[in-house]
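Since the structure comes first, as C-alpha cells, the remarks are kept for the end.
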Amino acid sequence: MNPATLYDHLTRARRDLLTTLRATPDGVLRASLLRGERFHSILDLLLHTAEVEDGWIHGDFQGLPMLQEGFPEVFSLPASPGTTLGLSAIEAYWAAVELGTRAYLGDLQGADLTRTVTLDDWPEGHRQFTLEGLIWHVLLHEVRHTAQIAALLRTQGIKPPQLDLLFYLPALETGRSAAPFVNPLPEDV
C-alpha cells in the first residue's frame, strides 16, 4: 500500500470519528482523561495530531510555513494541555491541512520517496531519514492517536466508530466500502 492510499483510509476513518465526536458532549471532549505533560483531553489529541501532520508535511518536507499560521486561534495557542479550541475550530484547521497533504502526496513520484530529509532540530544520530520513512511515521502517528481517542471514548461510555482498515477496503463483490454499514450516520443527523 502506498502512502496516498493509506492517507485516503485515514481521512475516511477521520470523518467517521469526527461524526462521533460531534455527537459527544463537550465536557467529555475537554475532560482531563490523560495524565502527562502534553495531552490531557480528546481535543488535545486531535489538535496535536493535526499540528504534527501540518508540521511534517508543510514545514519539514516542503519547507513551507505551517498552515496553522492562517488560523490565528490555533497559531496563538500556548503549547500546553487543555486546549481552549472547540471541535469545529480544530476540524476547520485539519480540513486545510488535509487538502495540503492530499495535494502533496498526490504529486509525489517514486524517486521523491528516497530523498533524504535532514532534521536540524533533532538529536545527533536521528537527523537524516528517507522521505518515505517519515511519511509513514506521520501516517502511523495518526493511527496511534486515533486509537487512543477511541479508547478514551470507551472509558466514557461512548461507542467509537469502527476504524479498522478492513472496513474501508472495497469489497470485491460490490466494489463498495463496508464502512457505511459498520458506521451508520447517527439518527439525529
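On a predicted model such as this, the values are computed, not experimentally measured, just so you know.
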Which heavy atom of [X] sits nearest a heavy atom of [Y], and at what distance?
X: Q109; Y: D112; result: N-OD2, 2.6 Å
X: T84; Y: R30; result: O-NH2, 3.6 Å
X: V143; Y: L10; result: CG2-CD2, 3.5 Å
X: E98; Y: Y7; result: CA-OH, 3.3 Å
X: Q148; Y: L45; result: OE1-CD2, 3.7 Å
X: P72; Y: S76; result: O-OG, 2.7 Å

Problem - Lys/Arg N to Asp/Glu carboxylate O, E53 vs R14, below 4.0 Å - result: yes
Exercise for the section: Answer yes or no: is there an ion pair linking D8 with R12, defined by an N-O contact shorter than 4.0 Å? Expected result: yes
Practice task
Consider only side-chain N and O atoms of H141 and H137, and report whether a donor and an acceptor are under 3.5 Å apart.
Solution key: no
Exercise for the section: Please check if any side-chain donor atom of H58 sits under 3.5 Å from a side-chain acceptor atom of D54, or the reverse. Expected result: yes
What's the spacing between [X] [atom1] and [Y] [atom2] if we round to 0.5 Å?
X: D44; Y: R38; atom1: CG; atom2: CZ; answer: 10.5 Å
X: T130; Y: W136; atom1: OG1; atom2: CH2; answer: 11.5 Å
X: D164; Y: H9; atom1: CG; atom2: NE2; answer: 7.5 Å
X: I149; Y: I42; atom1: CD1; atom2: CD1; answer: 6.5 Å
X: H145; Y: L152; atom1: NE2; atom2: CG; answer: 11.0 Å
X: H40; Y: L34; atom1: NE2; atom2: CG; answer: 8.0 Å

Practice task
Decide side chain to side chain contact (heavy atoms under 4.5 Å, CB included) for R127 and D120; before the verdict, give the C-alpha distance in whole Å, the side-chain angles of both, and the deciding distance to 0.1 Å.
Solution key: CA-CA 6 Å; R127 292 186 181 167; D120 295 327; 5.6 Å; no
Practice task
Give a yes or no answer on whether the side chain of R154 reaches the backbone of A150 with a donor-acceptor pair at less than 3.5 Å.
Solution key: no
Problem - Donor-acceptor pair, side chain of R102 and main chain of A4, under 3.5 angstrom - result: no
Can you confirm whether [X] sits close enough to [Y] that some side-chain heavy atom of one is under 4.5 Å from a side-chain heavy atom of the other?
X: D60; Y: L134; result: no
X: T114; Y: E132; result: no
X: L131; Y: L108; result: yes
X: I135; Y: L105; result: yes
X: Q156; Y: T24; result: no
X: W56; Y: L119; result: yes
X: H48; Y: V52; result: yes

Problem - Hydrophobic cluster identity match, L139 and L165, side-chain contacts under 4.5 Å - result: yes
Handout entry: Step-by-step side chain to side chain contact (heavy atoms under 4.5 Å, CB included) determination, L47 to L77
Key = CA-CA 11 Å; L47 179 59; L77 283 176; 3.6 Å; yes
Practice task
Could you check L43 against L85 for side chain to side chain contact (heavy atoms under 4.5 Å, CB included), going step by step and ending with a plain yes or no?
Solution key: CA-CA 8 Å; L43 291 178; L85 292 177; over 6 Å; no
Exercise for the section: Would you sort out whether L87 and L18 count as a side chain to side chain contact (heavy atoms under 4.5 Å, CB included), showing the intermediate values? Expected result: CA-CA 9 Å; L87 181 60; L18 289 170; 4.0 Å; yes
